[in-house]
Chemist: 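Can you read through this structure? Questions will come right after.
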Amino acid sequence: MTKLRSDFLRTVTERQYLHQCTDMEGLDALAAKQIVPAYIGFDCTAPSLHVGSLVPIMLLRVLQQTGHKPIVLMGGGTTKVGDPSGKDESRQLLTVEDINRNMESIKKVFSRFLTFGDGPTDAIMPNNADWLDELEYIPFLRDFGRHFSINRMLTFDSVRLRLEREHHLTFLEFNYMVLQAYDFLELSRRHDCLLQMGGSDQWGNIVNGVELGRRVDERSLYGVTTPLITTASGAKMGKTAKGAVWLNQDHLSAHDYWQYWRNTEDADVGHFLRLFTELPLVEIEHLEALEGQELNEAKKILAHEATLLCRGEEAAAEAGETAQRTFEAGDVGAGLPTVEVGRDALAAGIGAFELFQLAGLAASGGEARRLIKGGGGRLNDVVIASEVATISLDDLRPDGVIKLSAGKKRHALIKPV
C-alpha cells in the first residue's frame, strides 16, 4: 500500500492497533482532509470496564489526539439484548436499573482518557437506548430487517461458532448485529459519524453497519478493527488468578493495577508499551531490546505509564513506591490491598488457607492449600510450613497488621477490627 497520509491511520498502524479496515485508502484520504467522527460501543454489563476494554479506549484517545472526534456510545439499549460475539453462553439479562447503575459507574473512566465538550474534536457520550427503546418492532423489521440476509448472518463468527459448538443462541441475541448496525446508521444521522471501530470479534457487526448506511442512506461509512490481544503465553488480556483487572479505582486498587502491568511477560513488553502507553516509538524500541534485570526496569516503566493514564500521576507514583518498599526493601507498603477481619475471629485463630482466599490471594480454599503446601504461601515474609496452619492475633506485626504473600509478587494485609 502507498504511504499513509492521515496521522490517525499512520499512528494506529505504527503502534499496532490496526487489524482490519473496510476501505483503507478511502478512510485515509478522508481522515487526511477533514475531521472524522468515529464511535466505539460499550455495553453496560458490569459497574466497571476491565483491561480487555483498554485497547478500544486507547484507540479513541489516539483518534482525538490526531484531530478527530470520538463518540463513546453507551449501550443502554443493546445491553438489554446481549452481544453473542466471542461468548459460548447467553448473557444473563440485567434489569434497567442495573444497566443504568453500571452505565453511571463506567462513565467515570473515560474522562481519564478523553476530553469531552462541545468543540469539533471533543468527545461525546450518547446512549443507544435513546433510539432503540423507541423502536416499533414491526415497522423496524419492515424498514431495516429486509437489508439483512439470514444466510450471511449465519456465516459471521459470533453466530457460526456458537452453532458449531451446539451452544444455545437465542433469537434475542441473534438480533444484536441488526441493532448494532442500526446504531451506526443513527449515529451517522445524528452526529455525522463516519467510522465505527471495535475489536476483531466485531468485524461482522461493523460490516453490517457500513452496508446498512450505504443501502438506506447511500452514504459511505467505514470500519476499523483492532487485533485480539492475548499475552505471549496465549492468555486473554484482563484476567488474572484474582479475577478481572478492573479500570475503576473503586473496583481495583492502584497497587494491583500497577502490579498487573509489572508482571507482564518478557515477550509482551514492547507490544504493550506501544498499545498502552504514549512513550515515543524510539524509546520503546530501546526498552524492548533490554534483557535480564534491565528488562524488569522496562516493565516498571510500562506499569507507571499505564497506571498514569488510567489512575493519574499521584496513584502511579504511590503504587510504584509501594512496590519498591514491598519487594525491594522488604517493607510493608501502605498501598497494599487491605482486608479487615473481626478481632474476635482472629483471636480464636483462622486457617491460613481461609485467610488467603479471603484476601483474594487464592480463588478457592483448595487453591490456597496447594499454594501453601508448595511453599508459596508466606506469613510476614516467612514461609508457612503447613497448609493446616492457623493465623491469629499473635501473628500481628508491630504496625498492627498481618502480611500475607502468595509467591514473591502478590501481597495483602489483614487488619483486625
Chemist: Looking at Asp217 and Arg189, is any side-chain nitrogen of the basic one under 4.0 Å from a carboxylate oxygen of the acidic one?
Modeler: yes
Chemist: Whether the side chain of Ser53 engages the backbone of Leu49 through a donor-acceptor N/O pair (distance < 3.5 Å, no angle test) should be reported.
Modeler: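 Not confirmed, Ser53 side chain does not pair with Leu49 backbone.
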Chemist: Measuring from Met74:CE to Asp130:CG, what's the distance to the nearest 0.5 Å?
Modeler: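 Nearest 0.5 Å value for the CE-CG distance: 12.5 Å.
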Chemist: Does a side-chain N-to-carboxylate-O contact under 4.0 Å join Asp250 and Lys108?
Modeler: yes
Chemist: Could you label the plane-to-plane angle of the Phe272 and Trp261 rings as parallel, tilted or perpendicular, counting under 30° as parallel and over 60° as perpendicular?
Modeler: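 Rings of Phe272 and Trp261: perpendicular, over 60°.
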Chemist: Please report the C-alpha distance between His147 and Glu211 in whole Å, then the side-chain angles of each, then the deciding distance to 0.1 Å, and finally whether the side-chain contact (heavy atoms from CB on, under 4.5 Å) criterion is met.
Modeler: CA-CA 9 Å; His147 295 292; Glu211 293 185 353; over 6 Å; no
Chemist: Side chains of Arg214 and Arg219: does their closest heavy-atom pair fall under 4.5 Å?
Modeler: no
Chemist: Do the side chains of Ile372 and Ser386 get nearer than 4.5 Å, heavy atoms only?
Modeler: no
Chemist: Do Glu288 and Arg274 sit within salt-bridge range, that is, some charged N less than 4.0 Å from a carboxylate O?
Modeler: yes
Chemist: Sub-3.5 Å donor-acceptor pair from the side chain of Asp28 to the main-chain atoms of Arg5, do we have one?
Modeler: yes
Chemist: Tell me if a side-chain donor or acceptor on Asp43 pairs with a main-chain N or O of Thr45 at a distance below 3.5 Å.
Modeler: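 Here the side-chain-to-backbone pair does not exist.
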Chemist: Looking at Leu185, is its backbone amide N or carbonyl O close enough to the side chain of Ser188 to form a donor-acceptor pair, meaning the two atoms are under 3.5 Å apart?
Modeler: yes
Chemist: Working to the nearest 0.5 angstrom, can you tell me the gap between Asp98 CG and Met103 CE?
Modeler: 11.5 Å
Chemist: Against the six-membered ring of Phe113, is Arg61 placed for a cation-pi contact (under 6.0 Å from the centre, within 45° of the normal)?
Modeler: no
Chemist: Contact between Leu195 and Leu221 at the side-chain level, heavy atoms closer than 4.5 Å - yes or no?
Modeler: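 No - every pair of side-chain heavy atoms lies 4.5 Å or more apart.
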Chemist: Looking at Asp395 and Ser392, would you say the former's side chain and the latter's main chain have a donor-acceptor pair under 3.5 Å?
Modeler: yes
Chemist: Any side-chain donor-acceptor pair under 3.5 Å between Thr322 and His255?
Modeler: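 Side-chain D/A pair, Thr322 to His255: absent.
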Chemist: On a heavy-atom basis, which atom in Tyr222 and which in Leu27 lie closest, and how many Å separate them?
Modeler: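 The pair with the smallest heavy-atom distance is CE2-N, 3.6 Å.
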Chemist: Any donor-acceptor pair under 3.5 Å linking the side chain of Thr79 with the backbone of Cys44?
Modeler: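 Checking the backbone N and O of Cys44 against the side chain of Thr79, a donor-acceptor pair under 3.5 Å is found.
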Chemist: Determine, stepwise, if the pair Phe42 / Leu73 fulfils side-chain contact (heavy atoms from CB on, under 4.5 Å).
Modeler: CA-CA 6 Å; Phe42 298 87; Leu73 181 64; over 6 Å; no
Chemist: Determine yes or no for a side-chain-to-main-chain donor-acceptor pair under 3.5 angstrom, with Thr390 supplying the side chain and Ile350 the backbone.
Modeler: no
Chemist: Any side-chain donor-acceptor pair under 3.5 Å between Asn128 and Thr78?
Modeler: yes
Chemist: Drop me the distance from Asp266's CG to Leu295's CG, to the nearest 0.5 angstrom.
Modeler: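 One gets 4.5 Å once the value is rounded to the nearest 0.5 Å.
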Chemist: Please name the pair of heavy atoms, one in Trp131 and one in Tyr182, separated by the smallest distance, quoted to 0.1 Å.
Modeler: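 For Trp131 and Tyr182, the tightest heavy-atom pair comes out as CD1-CE2, 3.8 Å.
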Chemist: Heavy atoms, side chains only, cut-off 4.5 Å: are Val401 and Leu396 in contact?
Modeler: no
Chemist: To the nearest 0.5 Å, how far apart are NZ in Lys69 and SG in Cys193?
Modeler: 10.5 Å
Chemist: Run the ring pair (Phe, Tyr, Trp, His ring centres under 6.0 Å) check on Tyr39 and Phe184 step by step: do they pass?
Modeler: CA-CA 8 Å; Tyr39 94 93; Phe184 199 179; 5.6 Å; yes
Chemist: Does either side chain, that of Gln20 or that of Thr225, offer a donor lying less than 3.5 Å from an acceptor on the other one?
Modeler: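 Short answer, yes.
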Chemist: Does a donor on one side chain and an acceptor on the other come within less than 3.5 Å for His271 and Gln16?
Modeler: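 Note: His271 and Gln16 side chains meet the donor-acceptor criterion.
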Chemist: I'd like to know if the side chain of Thr121 reaches the main chain of Gly67, judged simply by a donor and an acceptor atom lying under 3.5 Å from each other, with no hydrogens or angles considered.
Modeler: no
Chemist: Would you say the side chain of Arg15 lies within less than 4.5 Å of the side chain of Thr277, judging by non-hydrogen atoms?
Modeler: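 The answer is yes, as the side chains (C-beta and beyond) meet within the 4.5 Å cut-off.
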Chemist: Just checking, any donor-acceptor pair under 3.5 angstrom between side chains of Glu367 and Gln357?
Modeler: no
Chemist: Under the side-chain contact (heavy atoms from CB on, under 4.5 Å) criterion, do Ile71 and His191 qualify, and how do the steps go?
Modeler: CA-CA 9 Å; Ile71 300 174; His191 302 290; 4.0 Å; yes
Chemist: Do Leu114 and Val72 come within less than 4.5 Å of each other through their side chains, counting heavy atoms only?
Modeler: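 In contact.
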Chemist: Hey, does the side chain of Asn380 reach the backbone of Lys403 with a donor-acceptor pair shorter than 3.5 angstrom?
Modeler: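 Present.
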Chemist: Verify whether one side chain among Ser105 and Asn102 offers a donor that lies under 3.5 Å from an acceptor in the other.
Modeler: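 Note: Ser105 and Asn102 side chains miss the donor-acceptor criterion.
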Chemist: Roughly how far, to the nearest 0.5 Å, is NE2 of His68 from OG of Ser6?
Modeler: 6.0 Å
Chemist: Are side-chain heavy atoms of Leu371 and Phe356 found at a separation under 4.5 Å?
Modeler: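 Yes, at least one pair of side-chain atoms sits under 4.5 Å.
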Chemist: For the residue pair Gln259 / Asn263, report whether a side-chain donor-acceptor contact shorter than 3.5 Å exists.
Modeler: yes
Chemist: Are side-chain heavy atoms of Val224 and Ile206 found at a separation under 4.5 Å?
Modeler: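 Side-chain contact under 4.5 Å: no.
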Chemist: Is a salt bridge present between Asp381 and Arg378, judged by a nitrogen-to-oxygen distance below 4.0 Å?
Modeler: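 Here Asp381 does not pair with Arg378 in a salt bridge, since their nearest N and O are not under 4.0 Å apart.
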Chemist: Would you say Asp23's side chain and Gly26's backbone share a donor-acceptor pair under 3.5 angstrom?
Modeler: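 Yes, the answer is positive, given that a donor and an acceptor are paired below the 3.5 Å cut-off.
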Chemist: Between Gln202 and Asn205, is any side-chain donor less than 3.5 angstrom from a side-chain acceptor?
Modeler: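 The criterion, which ignores hydrogens and geometry beyond distance, is satisfied for Asn205 and Gln202.
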Chemist: Rounded at 0.5 Å granularity, tell me how far OH in Tyr260 sits from CG in Leu302.
Modeler: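 CG of Leu302 is found 10.0 Å from OH of Tyr260.
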Chemist: Give the intermediate values and the outcome of side-chain hydrogen bond (donor to acceptor under 3.5 Å, both in side chains) for residues Ser200 and His19.
Modeler: CA-CA 7 Å; Ser200 57; His19 179 56; 5.0 Å; no
Chemist: Begin from the C-alpha positions of Val109 and Cys310 and carry the test side-chain contact (heavy atoms from CB on, under 4.5 Å) through to its verdict.
Modeler: CA-CA 7 Å; Val109 76; Cys310 188; 4.2 Å; yes
